[in-house]
Amino acid sequence: MSDILDLTIAQLRDGFRKGDFSATEIATRYNEAVDASDALNAYLEKTPELALEAAKAADEAKAKASDSLKPLSGIPLGMKDLFATEGVTTSAGSKMLGNFKPPYESTVSANLKAAGAGMLGKLNMDEFAMGSSNETCAHGPVISPWRREGSNAAITPGGSSGGSAAAVAARIAPGATGTDTGGSIRQPAAFTGIAGIKPTYGRCSRWGIVSFASSLDQAGPMARTVRDCAIMLEAMAGFDPKDSTSIDAPVPQWEKGLSSDLKGKRVGIPREYRIDGTPAEIDALWEQGVEWLRDAGAEPVEISLPHTKYALPTYYIIAPAEASSNLARYDGVRYGLREKVEGGGLHDMYKATRSEGFGDEVKRRIMIGTYVLSAGFYDAYFTKAQKVRALIKQDFRKAFEQCDMILTPTAPSAAFGLGEKSDDPIAMYLNDVFAVPASLAGLPAMSVPGGVDKDGLPLGLHLIGNEMDEQSVLNAGLAIEERAPSIELPGKWW
Ligand code: GLN
């Protein structure tokens with residue numbers, strides 16, 4: 001029998017049902033692997049007992065009657081630390097929340113639990129999900145299991161869902177939750193050679209997810225295959241009256257609907273995504289992706305998304321604006337950290353708490369956000385950004401009259417080394433150039449592994465779908481997955 005850690009979620013589910021192994025064996029094997037992976041700094045909190053508890057319930061249900069099993073019975077998962085988990089520390093990667101133990105469970109993690117999944121632990125991330133490299137975390141960066149060929153330098157797994165990406169790539173979780181505000185599922189998936197999908201805004205409830213930018217934040221799965229993403233997303237999604245932006249629509253059976261036959265489908269190639277300075281190997285992979293989709297039956301069509309060049313500046317106004325408002329709640333009174341000042345008053349306490357509790361990137365965002373929302377600059381920045389956002393949405397609406405899905409690269413480069421960009425926020429923000437337009441438009445988008453760069457590091461291809469059409473994204477992702485070379489970690493250094 002192959003090692004449990006080598007199996008996909010679908011294989012684990014089916015193997016467990018057939019009796020190849022018990023759920024307890026799966027959880028135990030994963031708990032051991034998690035314990036032996038501290039060098040990656042992927043898990044902030046380990047919960048082996050929760051993985052075992054769910055496994056025991058799955059084994060008992062199976063012993064009674066196999067039809068009492070749930071979709072994810074027997075599957076242990078990793079949880080990004082942005083999801084509130086009842087009684088389990090939820091820090092959002094910040095000193096500010098410290099060891100906050102929520103008395104409630106987020107809807108998405110509750111949905112996964114209700115579907116039978118166990119939890120292996122809480123996964124490291126950029127502080128409050130702000131970042132592209134996992135270096136803004138208060139608990140130290142995640143180290144990617146990948147290394148450049150012939151080098152021992154530590155590489156970023158991307159961010160902000162870097163712990164999730166590293167855990168899936170290193171096989172210390174068969175799948176993990178992520179969140180994506182402006183690329184945080186897709187960019188780390190691309191950097192670590194795995195798959196990840198951000199669904200349509202509103203598909204997954206935001207209730208119980210620590211807020212970053214509420215009009216953009218969306219949860220989604222990260223896993224080794226497209227099928228695994230479909231399985232997880234089905235369990236995570238669904239209407240939730242506790243989130244006023246949750247979509248009241250049934251959850252499609254995405255796994256059943258999987259088909260890599262793209263006959264009759266048109267794939268849009270946006271002219272404006274050809275950006276000066278993009279490495280030739282990224283362009284070459286993009287061309288290759290078009291050929292793979294053509295081979296699957298799709299017809300490539302050139303499309304135009306004329307406002308693309310404004311997406312990044314628009315995002316970096318709207319996201320900080322919403323963040324500055326959302327993060328106002330961390331005042332030392334209601335949550336986590338409280339720094340008292342000898343002889344000081346309430347304002348001194350606020351100031352000391354926020355100075356001490358937030359890291360540099362979070363402070364930068366709060367300052368930018370406060371500035372663009374200030375009375376004198378509101379119209380010049382925030383109102384204008386909202387208008388441009390509407391134009392970006394309109395671009396996509398028009399484009400989807402000509403095509404069924406859009407193909408682009410996920411990120412403008414492969415993973416970079418730790419420390420290489422941390423002193424240059426603009427270079428860091430540029431990582432999101434291909435990811436943010438779909439976020440601003442609220443559209444489903446996915447990264448799937450496409451190939452490797454000259455140093456042997458993974459590269460991703462990015463599919464954007466029309467509103468509510470996750471199925472087309474998943475199907476095109478599957479078509480690429482079936483044709484792309486399989487990307488294997490060269491070895492284990494940790
Ligand atoms: N890298 C982007 C940022 O720093 C996106 C983050 C995210 O999607 N959570 O804002």
Side-chain angles (χ1 to χ4, degrees), residues 80-83 92-94 108 123-137 141-142 156-165 176-192 196-199 201 204 206 209-222 311-327 358-369 372 385 389 410-413 415-416 421-422 424-447 460 462 464:
K80 186 175 181 179
D81 201 31
L82 205 61
F83 293 84
S94 182
V108 164
L123 292 163
N124 202 346
M125 52 177 286
D126 279 301
E127 185 176 8
F128 286 105
M130 299 173 191
S132 302
S133 65
N134 235 287
E135 290 166 288
T136 74
C137 180
V142 179
T156 173
S160 66
S161 312
S164 307
T177 54
T179 64
D180 191 311
T181 302
S184 279
I185 287 177
R186 294 161 284 158
Q187 182 255 23
F191 278 13
T192 53
I197 181 168
K198 173 196 97 72
Y201 180 80
C204 287
R206 289 182 296 107
I209 300 177
V210 176
S211 302
F212 165 11
S214 309
S215 76
L216 296 155
D217 296 345
Q218 192 48 211
M222 303 171 76
L312 204 57
T314 301
Y315 172 84
Y316 276 100
I317 291 173
I318 292 176
E322 295 186 18
S324 73
S325 157
N326 273 326
L327 271 58
F358 292 135
D360 288 347
E361 183 60 27
V362 173
K363 285 179 184 155
R364 180 164 25 240
R365 308 269 179 132
I366 292 174
M367 286 192 286
I368 295 173
V372 301
R389 182 178 189 175
T410 308
S413 72
F416 41 91
K421 294 194 182 183
S422 40
D424 185 353
I426 304 280
M428 195 67 96
Y429 296 173
L430 276 170
N431 258 283
D432 305 322
V433 64
F434 299 133
V436 294
S439 299
L440 289 166
L443 300 173
M446 175 170 213
S447 182
H462 184 220
I464 307 171

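The analysis underlying the following values was restricted to heavy atoms, covering all of them including side chains, and did not include hydrogens, waters or symmetry mates. Numbering of ligands and ligand atoms starts at 1, following listing order. Counting begins at 1 with the first residue of the sequence.
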>> Students often mix this up, so state it plainly: with edges at 30° and 60°, are the rings of Tyr429 and Tyr316 parallel, tilted or perpendicular?
In response: parallel
> Can you name the residues that form a side chain to side chain donor-acceptor pair (under 3.5 Å) with Tyr201, not counting sequence neighbours?
Replying inline: Arg206, Thr245
> Partners of Asp126 by side-chain contact (heavy atoms from CB on, under 4.5 Å), sequence neighbours excluded?
Replying inline: Asn134, Thr136, Ser160
>> Show me, by chain and number, every protein residue that has a heavy-atom distance under 4.0 Å to ligand 1.
In response: Ala129, Met130, Gly131, Ser132, Ser160, Asp180, Thr181, Gly182, Gly183, Ser184, Phe212, Tyr315, Tyr316, Arg365, Asp432
> Of all residues at least two apart in sequence or in a different chain, which pass the side-chain contact (heavy atoms from CB on, under 4.5 Å) check with Ala411?
Replying inline: Gln187, Phe191
>> For the backbone of Leu440 and the side chain of Arg389, can you confirm whether one donor and one acceptor N or O come within less than 3.5 Å of each other?
In response: yes
> Is there a donor-acceptor pair closer than 3.5 Å between any side-chain N or O of Glu322 and the backbone N or O of Ser215?
Replying inline: yes
